[in-house]
Amino acid sequence: MSKTTTDFGIDSALKTLGVSATNLGTSTGSKFFASGEEIASYSPVDGKLIGKVKATTQEDYAKVMETATAAFQEWRTKPAPLRGEIVRQFGDKLREKKEALGKLVSYEMGKSYQEGLGEVQEMIDICDFAVGLSRQLHGLTMHSERPGHRMYEQYHPLGVVGIISAFNFPVAVWAWNTALAWICGDVCIWKPSEKTPMCGIACQNIAAEVFAANGLPEGICNLINGDHTVGEMMTKDTRVPLISATGSTRMGKIVAKEVAGRLGKSLLELGGNNAIIVTPDADIKMTVIGAVFGAVGTAGQRCTSTRRLIIHESIYDTVKDAVVKAYGQLRIGNPLDENNHVGPIIDTDAVKMYEAALAKVVKEGGTIVVEGGVLSGEGYESGCYVKPAIAEANNTFEIVQHETFAPILYLLKYSGDIHDALKLQNGVAQGLSSAVMTNNLREAEAFLSVQGSDCGIANVNIGTSGAEIGGAFGGEKETGGGRESGSDAWKVYMRRQTNTINYTTELPLAQGIKFDL
Ligand code: NAD
């Protein structure tokens with residue numbers, strides 16, 4: 001008999017996180033209020049109802065905005081290292097609740113428990129990173145062309161930052177944004193995916209507890225819930241200077257237009273169509289692990305999932321056979337059971353898209369080499385478990401040009417050299433993650449050169465998925481061009497001001513312009 005949620009500790013995890021089946025929704029800090037329609041969250045793991053939240057109405061949103069705007073007045077005046085101290089405490093709380101939150105992520109989204117824990121670890125890591133940054137929000141000092149003048153730049157907080165996130169990273173993406181925004185002195189309003197609202201409630205509870213314990217205003221962390229119409233409340237609102245939106249390219253194009261129309265700033269993290277190039281000098285064992293994890297990890301629902309394997313003709317059959325053999329060993333089932341490699345995809349709509357993509361690749365002339373299919377029977381009652389599939393395809397197929405958010409891997413063959421492989425890799429509209437597997441220095445450097453990968457992430461001898469928080473994360477082209485997380489991504493959450501101070505009794509003009517009265 002298959003195990004129940006109690007066997008996997010879900011009930012106690014929900015209790016630890018203060019998430020219950022009661023109707024919670026909109027929140028400023030620890031104060032929940034909600035009056036909209038109910039959104040039910042069903043687990044893709046077993047199809048059971050986890051809980052319901054109420055969607056944010058226009059009236060709820062008005063309250064949130066008022067509280068957030070007021071909180072910003074106070075929060076921005078706190079010294080940045082003090083804001084860092086609050087983020088440090090938030091990171092500590094996450095450490096305490098790591099197992100519980102990791103379980104909820106796994107249960108509500110469907111990724112493996114290990115990946116759920118990894119997602120919470122990413123939150124902890126970004127908190128640590130933000131704490132250090134809180135003492136380094138530096139600008140440059142420049143030499144003025146005018147005598148007796150000093151010129152420098154400084155960074156001030158932006159105000160209310162709107163965060164819209166996708167279902168596949170239901171907690172980490174919020175933390176990437178919010179930990180940085182908070183140390184920068186911003187306050188945040190978060191609209192999680194309507195497919196993972198319970199993760200939103202859990203994170204809100206953890207953050208609100210920290211702000212309340214420090215006697216800080218409620219409106220520094222805010223949660224709104226609902227579908228795109230609730231997201232639009234923020235994208236249309238001129239009081240939200242920055243919208244950080246993670247999701248599909250389709251969504252990004254709408255949000256970009258809306259926010260640009262009011263001359264706001266947007267940080268867009270959108271779809272990928274990531275490839276690994278496998279050259280004749282690749283280490284085949286490493287290639288297989290990197291490719292299989294990249295293609296089936298999170299059941300192919302990472303923005304950085306490996307969708308295309310571009311293999312040199314001289315080793316094509318060897319790599320294909322090794323990958324096909326590895327797929328034969330995959331165990332598909334409850335992601336909370338650590339014996340399984342692959343869990344469910346998010347819902348039955350996603351299953352339909354998976355099936356349609358497999359039908360399309362065949363229609364376009366592709367050959368299925370690892371058969372897909374929807375699993376049924378004991379343990380698969382949710383209807384969301386699918387078999388990871390592999391198809392031999394052509395880069396020009398319409399379906400290959402698209403991101404299908406499911407475990408489908410396309411094998412593409414190249415002849416010639418690394419530049420021929422790069423033409424295929426770069427020959428898609430998206431530009432998020434890319435990788436080359438090679439022990440040949442010339443190939444590796446060509447891949448990283450100006451004529452190389454056009455993606456925001458380019459890895460050598462690592463797969464396409466699994467970025468660290470220390471680097472700036474994001475992609476080019478239809479992936480949206482945003483950068484968040486590490487490096488100097490914090491600058492997006494602040495406004496830059498150039499200051500020139502004249503400490504003389506003269507008023508010389510720049511460029512030597514004469515203006516005598
Ligand atoms: P989605 O685009 O359906 O939804 C994402 C979020 O946007 C949700 O919260 C949704 O309610 C909101 N939204 C949708 N339309 C909106 C609108 N017009 N205005 C305001 N908000 C709107 O995406 P999804 O299915 O949740 O996530 C999968 C997609 O996200 C994939 O394409 C994946 O590649 C992408 N993704 C990208 C990254 C990255 O960093 N590049 C990370 C994670 C996911």
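As a basis for the values below, the full set of heavy atoms in this structure was taken, side chains included, without hydrogen atoms, waters or symmetry mates. In each ligand, atom 1 is the first atom listed, and ligand 1 is the first ligand listed. None of these values were measured; they are calculated from a predicted model.
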Novice: Under 4.0 Å between a side-chain nitrogen and a carboxylate oxygen: does that hold for E119 and K111?
Specialist: yes
Novice: Any salt bridge linking K54 with E37? Criterion: basic side-chain nitrogen under 4.0 Å from a carboxylate oxygen.
Specialist: no
Novice: Under 4.0 Å between a Lys/Arg side-chain N and an Asp/Glu carboxylate O for R95 and D128?
Specialist: yes
Novice: Hey, are R302 and E115 close enough for a salt bridge, meaning a charged N less than 4.0 Å from a carboxylate O?
Specialist: yes
Novice: Tell me the residues surrounding ligand 1, counting only those with a heavy atom closer than 4.0 angstrom, sorted by chain and number.
Specialist: I164, S165, A166, F167, N168, K191, P192, S193, E194, D227, H228, G231, E232, T246, G247, S248, M251, I254, V255, E269, L270, G271, G272, C303, E403, F405, L432, F473
Novice: Taking the six-membered ring of F397, is the NZ or CZ of K360 close enough (under 6.0 Å from the centre) and on axis enough (within 45°)?
Specialist: no
Novice: For R483, is there an ion pair with E269 - N to carboxylate O distance below 4.0 angstrom?
Specialist: no
